[in-house]
Amino acid sequence: MGLQKRINETTVNPGQIALFYIAQAGFCIKTASGKNIFIDLYLSDACERLFGFKRMIPSPMSAQEVEAGLYLITHHHADHFDPDAMPIIVKHPTTFFAVAPDCVSLLEEIAVSPSRYKVLREGETWQWEDVRIKAIYADHGELAPDAQGYLIEVDGLKIYHVGDSAYRPEEIKASLGTDVDIMIVPINGTYGNMIASEACKLAAEIKPRLVIPCHFWMFLEHVVPDGKGDPATFLTEGSKLPSAIKTKVMAPGECIIYPGT
């Protein structure tokens, strides 16, 4: 069974979400009302074509499968705004996009009408049906100054996708301004991102109920030589967090229901 079919057939009760990991920084949130919210999918081999970064993890779904109600993009880098997958994804007629400012020119290149996307800037909040989105501070360096994270609020739950960012706890806490249920955080430790221990230090500051790492094992170029960006290191560091903060490493294509029953 294809991943999109599994997403469609997954039942979500009120007060819960289903969270699917699509590898790299990509996730899908399915809500109790049946909405599919996708974030930062990397489904192609575009990074190898453009930069020589070979994909090491097979994609759990194809661009043709994606049926998004809302599609969020944190910044313009090709492993977040996939230049080979996006021209296919945008063909789904009912998908609406919420993007960082640096994604606008890329949407224009593939002829996406401005009526189909919302540009969010850090600190801005926007309502899409019963889902509330806030753009959150991120520091991904000079190559992506518009990079940001997203706080997604739906059905009483708050999911914070950090996007790509260095360890900036004070700025992130000030931008968030709230507690969160789930924090999704990069751990690859290269190109301006946190290593595993920094991700756990951020969790200690933010105090989410669940922390999920991402942005690992996709490219050899993203592997920190000393292993500090490895998910096993994340789990070791995560075991030192207060007991109220749980950690979970997800496999590509895996689904969790939160909160569980």
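Quick note: numbers below take in every heavy atom, side chains included, and nothing from hydrogens, waters or symmetry partners.
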- Any salt bridge between K118 and E124, counting N to O under 4.0 Å? no
Practice item. Before giving the answer on ring-ring contact (aromatic ring centres under 6.0 Å, His included), spell out for W128 and Y150 the whole-Å C-alpha distance, their side-chain angles and the decisive distance to 0.1 Å. Key: CA-CA 13 Å; W128 179 75; Y150 292 115; over 10 Å; no
Rounded to the nearest 0.5 angstrom, the CZ-CG distance for F219 and N188 is 10.0 Å
Item to complete: Would you check if the side chain of Y42 reaches a backbone N or O of M218 as a donor-acceptor pair within less than 3.5 Å?
Response: no
Which of L43, L3, D82 passes side-chain contact (heavy atoms from CB on, under 4.5 Å) with S59? Answer is L43
Please answer whether the main-chain N or O of I7 pairs with a side-chain N or O of K30 as donor and acceptor at a distance below 3.5 Å. yes
query = So do D40 and I73 actually touch side chain to side chain, heavy atoms under 4.5 Å?
reply = yes
- Query: Are any non-hydrogen side-chain atoms of T178 and E153 less than 4.5 angstrom apart?
  - Reply: no
Any side-chain to backbone donor/acceptor pair from R55 onto S44? Under 3.5 Å, distance only. yes
> Can you check salt bridge (charged side-chain N to carboxylate O under 4.0 Å, His left out) on D181 and K158, steps first, answer last?
Replying inline: CA-CA 5 Å; D181 293 285; K158 299 176 184 177; over 6 Å; no
- prompt: Are T247 and L235 close enough, and set up right, to give a side-chain contact (heavy atoms from CB on, under 4.5 Å), and what steps lead you there?
  reply: CA-CA 7 Å; T247 58; L235 289 176; 3.7 Å; yes
Q) Given the rule in the side-chain contact (heavy atoms from CB on, under 4.5 Å) test, do Y258 and I159 qualify, once you have shown the distances and angles that lead to the verdict? A) CA-CA 10 Å; Y258 183 91; I159 304 97; over 6 Å; no
> Is there a donor-acceptor pair under 3.5 Å between the side chain of T95 and the backbone N or O of K91?
Replying inline: no
Check: K134 and L176 side chains under 4.5 Å, non-hydrogen atoms: no
Fill in: Check ion pair D179-K207 (N to O, under 4.0 angstrom)
no
Item to complete: Report yes or no: do L157 and F20 belong to one cluster of Ile/Leu/Val/Met/Phe/Trp/Tyr joined by side chain heavy-atom distances under 4.5 Å?
Response: no
key: Test item: D139 side-chain N/O and S165 main-chain N/O as donor-acceptor pair under 3.5 Å   = no
- Are more than 12 heavy atoms from other residues, nucleotides or ligands located less than 6.0 Å from atom NZ of K228? no
Identify whether V162 and F81 are in the same connected component of the hydrophobic contact network (ILVMFWY, side-chain heavy atoms under 4.5 Å). no
Between P259 and G15 the two heavy atoms that sit nearest each other are CD-O, 3.2 Å
Q | Under 3.5 Å: donor-acceptor pair, side chain of R116, backbone of V90 | A | yes
Is the backbone of I172 close enough, under 3.5 Å, to the side chain of S175 for a donor and an acceptor to pair up by distance? no
**Asked** Mind checking whether M194 and V185 have side chains closer than 4.5 Å, heavy atoms only?
**Response** yes
Heavy-atom nearest pair, A147 first then D102, reads N-OD2, 4.3 Å
So CG of L19 and CD1 of I256: to nearest 0.5 Å the spacing works out to 5.0 Å
| message | So V249 and F216, do their side chains get closer than 4.5 Å, heavy atoms only? | response | yes
Are any non-hydrogen side-chain atoms of E221 and T190 less than 4.5 angstrom apart? no
Note: I57 and A23 closest approach over all heavy atoms is CG2-CB, 4.4 Å
CE of M183 to OH of Y160, rounded to nearest 0.5 Å, is 7.5 Å
Value for CD (E65) from CD1 (I88), rounded to nearest 0.5 Å, stands at 11.5 Å
Here the pair of heavy atoms bringing L241 nearest to C200 is CD2-O, 3.3 Å
**Request:** Please assess T10 against I257 for the test side-chain contact (heavy atoms from CB on, under 4.5 Å), listing each intermediate value before the final yes or no.
**Result:** CA-CA 10 Å; T10 297; I257 304 295; 4.1 Å; yes
In this structure, CD1 of I187 is separated from SG of C214 (nearest 0.5 Å) by 8.0 Å
When every non-hydrogen atom of A32 is compared with those of D155, the smallest separation belongs to CB-OD2, 3.6 Å
H161 meets the ring pair (Phe, Tyr, Trp, His ring centres under 6.0 Å) criterion, sequence neighbours left out, with F27
Quick check on the hydrophobic clustering: are V12 and Y21 connected, directly or via other members, by side-chain heavy-atom contacts under 4.5 Å? no
*Shared hydrophobic cluster for M56 and M61 (ILVMFWY, side-chain gaps under 4.5 Å)*: no
Distance col, row I22:CD1 vs I39:CD1, nearest 0.5 angstrom, shows 10.0 Å
**Asked** Is there a donor-acceptor pair under 3.5 Å between the side chain of Q148 and the backbone N or O of L120?
**Response** yes
Review point. More than 12 foreign heavy atoms under 6.0 Å from CZ of R132: is that the case here?
Key: no
Co-membership, hydrophobic cluster, residues V131 and L151, 4.5 Å side-chain:
yes
For V119 and A100 the tightest heavy-atom approach is CG1-C, 4.4 Å
side-chain contact (heavy atoms from CB on, under 4.5 Å) between I182 and I17, worked out = CA-CA 11 Å; I182 300 173; I17 60 156; 4.0 Å; yes
Any H75 side-chain heavy atom under 4.5 Å of D146 side chain | no
**Request:** Answer yes or no: is there a donor N or O on one side and an acceptor on the other, between the side chain of H76 and the main chain of V104, under 3.5 Å?
**Result:** no
Going by atom types only, do D164 and H215 share a side-chain donor-acceptor pair under 3.5 Å?
yes
| said: With a 3.5 Å distance limit and no angle check, can you tell me whether E67 reaches the backbone of Q4 through a side-chain donor-acceptor pair? | reply: no
| Is the closest side-chain heavy-atom distance between H80 and H140 below 4.5 Å? | no
